[in-house]
J.: 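One structure is given below, represented as structure tokens, and several questions about it will come after.
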Amino acid sequence: MKDRRSGEHWAGRLYMREISLRIDRHLVNTRVTPNQLTYLMTVFGVLAAPALLVPGIPGAVLGVLMVQLYLLFDCVDGELARWRKQYSMTGVYVDRVGAYLCDAAVLVGFGMRAADLWGTGRIDWLWAFLGTLAALGAILIKAETDLVGVARHQTGKPPVQESAAEPRSSGMALARRAAAALKFHRLILGVEASLLVLALAVVDQIRGDLFFSRVGVAVLAGIALLQTLLHLVSILVSSRLK
């Protein structure tokens with residue numbers, strides 16, 4: 001799993017697969033099913049949003065914890081399914097839904113947090129809107145990828161190979177590799193976004209306001225919109241729809 005070119009998160013390779021294997025050994029002989037763990041994974045991902053509404057650093061820490069638990073059970077459910085050979089289309093579907101919801105929950109929660117719901121002043125809904133916009137972009141990017149499989153299935157073509165992701169144009173291929181090297185697009189994913197929220201919460205605590213969190217929300221909204229467009233273009237100019 002760690003050697004997969006795509007689909008394996010850096011946190012899984014770095015530490016989470018090591019932790020999840022130690023959880024697996026306590027579950028393989030129980031009645032817990034992989035699908036139940038997938039549902040639990042989704043719940044933790046969604047809980048990142050209300051967790052981030054807790055003011056200050058505690059809320060940011062709680063948000064990171066929810067996302068880490070999401071990531072843990074995202075590893076465990078698949079490992080348990082492969083060990084028991086309990087493969088389920090429902091599990092695959094719910095796993096994808098959970099991925100959508102976790103990324104969206106972190107970004108919406110971040111926006112609501114920057115709006116200062118519990119502050120003494122006026123609630124600034126602009127930041128909640130930008131956080132929601134970032135969440136929409138994150139969802140659309142995942143949908144653009146998943147819809148490649150839908151389009152290929154409906155036209156009777158086999159699943160896409162990883163090599164097809166490379167753009168046919170040399171200029172687009174170079175731009176894609178440059179974007180992949182910078183990895184700025186990863187900031188709108190749940191794990192990275194939650195860690196960014198925590199870092200900005202610490203700086204805001206020192207400053208005494210929400211300035212840096214608000215800048216962060218605006219930056220993530222911009223990244224999400226830009227990446228939605230670039231990702232769509234990269235699919236259209238690649239061989240994934242051929």
J.: Going only through I, L, V, M, F, W and Y residues with side-chain contacts under 4.5 Å, is there a path from V76 to L14?
T.: yes
J.: Check whether any side-chain N or O of T33 sits under 3.5 Å from a backbone N or O of Q36 as a donor-acceptor pair, and report yes or no.
T.: yes
J.: To the nearest 0.5 Å, what is the distance between CG on L226 and CG on L229?
T.: 7.0 Å
J.: Can any side-chain N or O of Q227 pair as donor or acceptor with the backbone N or O of A224 at less than 3.5 Å?
T.: no
J.: Which atoms form the tightest heavy-atom contact between G63 and S194, and what is the distance?
T.: O-CB, 4.4 Å
J.: Do D103 side-chain atoms and A138 backbone N/O form a donor-acceptor pair below 3.5 Å?
T.: no
J.: Counting C-beta onward and ignoring hydrogens, is there a side-chain heavy-atom pair between L47 and Y70 closer than 4.5 Å?
T.: no
J.: Donor-acceptor pair, R152 side chain versus R240 backbone, under 3.5 Å?
T.: yes
J.: Return the minimal non-hydrogen interatomic distance between S238 and I235, and the atom names on each side.
T.: OG-O, 2.9 Å
J.: Kindly determine whether I57 and L198 satisfy side chain to side chain contact (heavy atoms under 4.5 Å, CB included), including the steps that lead there.
T.: CA-CA 7 Å; I57 296 177; L198 177 58; 4.3 Å; yes
J.: Are Y39 and D95 close enough that a side-chain donor and a side-chain acceptor fall under 3.5 Å?
T.: no
J.: Run I141 and I188 through side chain to side chain contact (heavy atoms under 4.5 Å, CB included) and show every step you take.
T.: CA-CA 10 Å; I141 291 167; I188 59 174; 3.5 Å; yes
J.: Does the pair L107 and L136 meet the rule for a side chain to side chain contact (heavy atoms under 4.5 Å, CB included), with working shown?
T.: CA-CA 9 Å; L107 295 170; L136 177 60; over 6 Å; no
J.: How close do R22 and H26 get, counting heavy atoms only, and between which atoms?
T.: O-CD2, 3.1 Å
J.: Is there a donor-acceptor contact under 3.5 Å from the side chain of D116 to the main chain of I123?
T.: no
J.: In the single-linkage hydrophobic clustering (I, L, V, M, F, W, Y; side-chain heavy atoms under 4.5 Å), do L225 and L196 co-cluster?
T.: yes
J.: Distance check, rounded to the nearest 0.5 Å: Y15 atom OH versus C75 atom SG?
T.: 9.0 Å
J.: Is any side-chain heavy atom of V150 closer than 4.5 Å to a side-chain heavy atom of L147?
T.: yes
J.: Can you give me the closest heavy-atom contact between N35 and G91, atom names plus distance?
T.: OD1-CA, 3.2 Å
J.: Calculate, to the nearest 0.5 Å, the distance between atoms CD and CG belonging to E79 and L27 respectively.
T.: 10.5 Å
J.: Determine the sole option in M16, R17, M41 for which the side-chain contact (heavy atoms from CB on, under 4.5 Å) test with L72 is passed.
T.: M16
J.: With a 3.5 Å cut-off and no angle check, do the side chains of T228 and E144 form a donor-acceptor pair?
T.: no
J.: If hydrophobic clusters are built by linking Ile, Leu, Val, Met, Phe, Trp and Tyr wherever their side-chain heavy atoms come under 4.5 Å apart, do L37 and V94 end up in the same one?
T.: no
J.: Check this for me: Y87, atom OH, are more than 12 non-hydrogen atoms of other residues, nucleotides or ligands nearer than 6.0 Å?
T.: yes
J.: With side chains defined as the heavy atoms from C-beta onward, is the minimum distance between H231 and L140 less than 4.5 Å?
T.: no
J.: Shortest non-hydrogen contact from D204 to S213?
T.: OD2-OG, 2.5 Å
J.: Say you draw a straight line from CG of L62 to CG of L52; how long is it, rounded to the nearest 0.5 Å?
T.: 8.0 Å
J.: Using 30° and 60° as the class limits, which term best fits the ring planes of F44 and F73: parallel, tilted or perpendicular?
T.: parallel
J.: Under a 3.5 Å distance rule, please check whether R84 uses its side chain to pair with a backbone N or O of V28 as donor and acceptor.
T.: yes
J.: How long is the span from the CG atom in D124 to the CG atom in L117, to the nearest 0.5 Å?
T.: 11.0 Å
J.: Is a side-chain donor or acceptor of W125 paired with a backbone partner of M112 at a separation under 3.5 angstrom?
T.: no
J.: Mind checking the CG-CG spacing from L133 to L220? Nearest 0.5 Å is all I need.
T.: 11.0 Å
J.: Determine whether Y100 and V108 fall in the same hydrophobic cluster, where Ile, Leu, Val, Met, Phe, Trp and Tyr are linked whenever their side-chain heavy atoms lie under 4.5 Å apart.
T.: no
J.: Is it true that the NZ or CZ of R214 lies under 6.0 Å from the centre of F212's six-membered ring and within 45 degrees of the ring axis?
T.: no
J.: Can you tell me if R113 uses its side chain to pair, donor with acceptor, with the backbone of G59 under 3.5 Å?
T.: no
J.: Can you see which heavy atom on A60 is nearest to which on A201, and at what distance?
T.: CB-CB, 3.8 Å
J.: If hydrophobic clusters are built from ILVMFWY residues whose side chains come within less than 4.5 Å, do V46 and Y93 share one?
T.: yes
